[in-house]
Chemist: 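My questions will all concern the structure given below.
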Amino acid sequence: MTRVAKIDLVNSVAGEFPVSVAASVLGLPRSTWYYQASRVSYGEKYAALKPLLIGIARRHTEYGYRRATDELV
């Protein structure tokens, strides 16, 4: 069973059993479950930058990542 499948199983029984018990039965470290629960996806993390970078790219087609970074700052 994959790590992701184990995390999904722990999530599905989290209301009925403590996380520590469910994780230990599956052989999943609690720290892994807590890390994944608090993790934010890449898309969500940088969603606010996307419109800004698209605007810079439309105004300045010759800009590379260094100039775009300077423009953001």
Side-chain angles (χ1 to χ4, degrees):
M1 183 181 303
T2 66
R3 177 181 44 87
V4 175
K6 290 179 182 181
I7 291 169
D8 289 339
L9 279 173
V10 172
N11 286 336
S12 68
V13 298
E16 301 172 39
F17 301 101
V19 171
S20 60
V21 172
S24 67
V25 167
L26 294 171
L28 180 74
R30 283 184 311 146
S31 60
T32 301
W33 185 84
Y34 284 110
Y35 173 76
Q36 293 297 328
S38 66
R39 188 170 172 205
V40 178
S41 74
Y42 185 84
E44 292 173 0
K45 186 175 182 179
Y46 296 109
L49 285 177
K50 188 174 182 176
L52 298 173
L53 289 171
I54 289 173
I56 292 170
R58 287 189 176 151
R59 284 192 313 271
H60 307 287
T61 57
E62 71 282 353
Y63 277 16
Y65 75 93
R66 289 186 178 135
R67 284 185 176 177
T69 302
D70 290 342
E71 184 111 359
L72 285 173
V73 177

Chemist: As an exercise, state the distance from CG of Leu9 to CE of Met1, rounded to the nearest 0.5 Å.
Modeler: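 It comes to 5.0 Å.
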Chemist: Can you check side-chain contact (heavy atoms from CB on, under 4.5 Å) on Leu53 and Leu72, steps first, answer last?
Modeler: CA-CA 8 Å; Leu53 289 171; Leu72 285 173; 3.7 Å; yes
Chemist: Tell me the closest heavy-atom pair linking Gly27 and Lys6, and the distance in Å.
Modeler: O-NZ, 4.0 Å
Chemist: Between atom OH of Tyr34 and atom OG of Ser20, what is the distance when rounded to the nearest 0.5 Å?
Modeler: 7.0 Å
Chemist: Mind running side-chain contact (heavy atoms from CB on, under 4.5 Å) on Lys50 and Ile54 for me, showing each step along the way?
Modeler: CA-CA 6 Å; Lys50 188 174 182 176; Ile54 289 173; 3.8 Å; yes
Chemist: Show the nearest heavy-atom pair for residues Arg3 and Leu28, with the distance to one decimal.
Modeler: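 Heavy atoms of Arg3 and Leu28 come nearest at CG-CD1, 4.2 Å.
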Chemist: Are Tyr63 and Leu52 connected in a single hydrophobic cluster, I mean Ile/Leu/Val/Met/Phe/Trp/Tyr linked by side-chain heavy atoms less than 4.5 Å apart?
Modeler: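 In one cluster with Leu52: Tyr63, yes.
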Chemist: Under a 4.5 Å side-chain heavy-atom rule over Ile, Leu, Val, Met, Phe, Trp and Tyr, are Tyr42 and Leu49 clustered together?
Modeler: yes
Chemist: Is Val19 linked to Val25 within one hydrophobic cluster, defined over Ile, Leu, Val, Met, Phe, Trp and Tyr using a side-chain heavy-atom separation of less than 4.5 Å?
Modeler: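 No; tracing contacts between hydrophobic side chains, which count when under 4.5 Å, never links both residues.
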Chemist: Could you pull out the closest heavy-atom pair between Pro51 and Ala48, with the gap in Å?
Modeler: CD-O, 3.5 Å
Chemist: Taking salt bridge (Lys or Arg N to Asp or Glu O under 4.0 Å) as the cut-off, I'd like each qualifying pair that reaches into residues 58-72, sequence neighbours left out, listed once.
Modeler: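 For residues 58-72, and leaving out neighbouring residues, the salt bridge (Lys or Arg N to Asp or Glu O under 4.0 Å) pairs sorted by first residue read Arg59-Glu71.
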Chemist: What distance do Thr69 atom OG1 and Ile56 atom CD1 have between them, rounded to the nearest 0.5 Å?
Modeler: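 The distance works out to 8.5 Å.
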